[in-house]
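Everything on this sheet refers to the single structure shown next.
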Protein chains: 2
Amino acid sequence: MRPFRPILDRLHQAGLRPTRQRMALAKLMFEGRDCHVTAESLHAQAITHRVRVSLATVYNTLHQFTSAGLLREIVIDAARSYFDTNTSDHHHFYWEGTGLLEDIPSDQIIMEKLPSPPPGTTIKRIDVVIRLAGCTK
Amino acid sequence: MRPFRPILDRLHQAGLRPTRQRMALAKLMFEGRDCHVTAESLHAQAITHRVRVSLATVYNTLHQFTSAGLLREIVIDAARSYFDTNTSDHHHFYWEGTGLLEDIPSDQIIMEKLPSPPPGTTIKRIDVVIRLAGCTK
DNA sequence: GTGATTGCAAATCTTTTGCACTAAA
DNA sequence: TTTAGTGCAAAAGATTTGCAATCAC
C-alpha cells in the first residue's frame with residue numbers, strides 16, 4: 001500500500017466515485033498522520049472545516065471505505081465504533097477513561113505461542129488491546 | 001476464587017441481595033460450564049426456563065455482577081455486549097459470522113515481547129481476540 | 001440520460017432511566 | 001419499617017434505511 005497515493009486514485013481503485021463528500025472526508029482522514037475516528041468525531045471535524053455532509057453519509061462512507069480496505073474498524077468500546085486509517089497489522093493501547101486510542105506497531109508485540117485455529121477455520125485477524133488505567137497523556 | 005461456591009454465598013459476598021431474579025439468573029449462568037451471554041440471550045434463556053424477569057433487570061443484573069467481579073465484559077462486536085462467566089485471565093476465539101465465542105486458556109498464548117505502558121499509566125488488562133473465518137463448529 | 005450517491009427524517013436496535021410498586025432485611 | 005430491587009414504559013444513543021433530489025460519468 002502506498003500511503004501517499006493521491007486521494008483520487010485511492011477512491012478510483014476502490015471503485016468509489018469521487019464525490020465531493022467522499023473526497024472531503026478522505027482528505028480529512030488520509031492527509032496527515034494516521035488517525036482514529038468515530039462517525040461522530042469525523043462529522044464534527046467535517047463541520048469545523050466547513051464541509052457540508054450529513055451524519056448518515058459519514059456512516060455510509062466509513063463503511064464503504066472499510067469494505068474497500070481503506071480503513072479498518074476497531075472494536076474496543078461497546079458504545080461506539082472506531083475506524084483506523086492504519087490498515088496494516090498492528091495493535092492498540094486504549095485509555096478507557098478518555099476513549100483515547102494509540103497504535104502499537106506490530107513489532108512491539110511478539111507472540112511466542114499461539115493456539116491453532118479450530119479445525120475448518122482460519123485466522124482472519126488477531127487483535128490485541130492493552131487497556132490502560134491512569135493519567136492521560 | 002472458588003468456582004463451586006454456592007450461588008447464595010457469591011451474592012452475599014458481592015453485597016447483592018439474593019432476590020428471586022438474581023438467584024435465577026445466577027443459576028442459569030453459573031451452574032454448569034463457563035459460558036458467554038448477551039443480555040438478549042440470557043433474557044431468552046430465562047423465559048425458556050419460565051423465569052419471569054424483565055430485560056431491564058437482566059441488563060442491571062449483568063452490570064451489577066460485572067462490578068462485583070462475578071462476570072467479565074468482553075468487547076468483541078460493536079452490535080452487542082458479551083459477558084463471560086470466566087473471570088480469570090484468558091483470551092478468545094470469535095467467529096464473526098455466527099457470533100460464537102470460545103475461550104482460549106491463558107497458557108495457550110504467550111507474549112514474548114510487550115511494549116511498556118506509556119509513562120504514568122498502568123496496564124489494566126490485555127485482551128487478545130483471534131477472529132476466525134470458516135465453518136462453524 | 002442513467003445509475004450511483006446524498007440528505008433528511010423516520011425507523012431500528014441496544015441499552016439506560018424515572019418512577020411507582022414490591023420484597024428483603 | 002426501611003431501603004434495595006423490580007418492572008414497565010419512555011428516553012437516550014448509535015446506527016440504518018427509505019426515498020426523492022442531486023451528481024458523476
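Numbered from 1 within each chain, the chains take letters A, B, ... in sequence-line order. In this text the structure is predicted, and so the values were computed from the model without any measurement. These values consider heavy atoms only, across backbone and side chains, with no hydrogens, waters or symmetry-generated copies.
- Under 3.5 Å, the side chains of B:D127 and B:H91 contain no donor-acceptor pair of N or O atoms.
- Between A:L132 and B:T122, the closest side-chain pair of non-hydrogen atoms is not below 4.5 Å.
- Within the cation-pi definition used here (under 6.0 Å to the ring centroid, within 45° of the axis), B:R10 qualifies as a partner of B:F30.
- Distance from the side chain of B:Q21 is smallest for D:dT6 among the nucleotides C:dT5, C:dA24, D:dT6.
- Of the charged side-chain nitrogens involved, at least one lies within less than 4.0 Å of a carboxylate oxygen, so that B:E96 and A:K124 count as a salt-bridged pair.
- Ring centroids of A:Y94 and A:H36 are separated by 6.0 Å or more, keeping the two rings apart.
- Taken residue by residue, residues 42-54 of chain B places heavy atoms nearer than 4.0 Å to DNA chain D at B:R52, B:V53, B:S54.
- Across all their heavy atoms, A:P115 and B:F93 have their closest contact at CG-CZ, 3.8 Å.
- Checking C:dT6, D:dC25, D:dT17 against every side-chain atom of A:T19, the shortest atom distance belongs to C:dT6.
- One atom, CZ of B:R20, and another, P of C:dC21, lie 19 Å apart when rounded to the nearest Å.
- The nearest whole Å value for the distance from the CG atom in A:L25 to the P atom in C:dT5 is 14 Å.
- Nucleotide C:dT14 holds its P atom 17 Å from the CG atom of B:N60, rounded to whole Å.
- Using a 4.0 Å heavy-atom criterion, one finds that A:R17 contacts the bases of the nucleic acid, with or without backbone contacts as well.
- Residue A:T57 places none of its side-chain N or O atoms closer than 4.0 Å to OP1 or OP2 of C:dT5.
- Residues B:Q21 and B:T57 have side chains that never bring a donor and an acceptor to within less than 3.5 angstrom of each other.
- The two residues A:D107 and B:K113 come nearest to each other via the heavy atoms O-NZ, 3.4 Å.
- A close approach under 4.0 Å does occur between a side-chain nitrogen or oxygen of A:R22 and OP1 or OP2 of C:dT5.
- Regarding B:L62, its CG atom lies at a distance of 15 Å from the P atom of D:dG5, rounded to whole Å.
- At least one side-chain nitrogen or oxygen of A:Y59 sits closer than 4.0 Å to the OP1 or OP2 atom of D:dT15.
- Regarding A:E40, its CD atom lies at a distance of 11 Å from the C1' atom of D:dT15, rounded to whole Å.
- The separation between B:Q64 atom CD and C:dT16 atom C1' is 13 Å, rounded to whole Å.
- Each of B:R80 and A:V58 has a nearest nucleotide on DNA chain C; the 5'-most of these lies closest to A:V58.
- Summarising the geometry, the separation between CG on B:L16 and P on D:dT3 is reported as 19 Å, rounded to the nearest angstrom.
- Going from atom CG of B:L55 over to atom P of D:dG5 covers 19 Å, rounded to whole Å.
- Nearest to the side-chain atoms of A:S81 among the listed nucleotides D:dC25, D:dT17, D:dT15 stands D:dT15.
- Between B:H63 and C:dT16 there is a side-chain polar atom (N or O) within less than 4.0 angstrom of OP1 or OP2.
- B:A79 comes within 4.0 angstrom of the backbone, heavy atoms only, and of no base.
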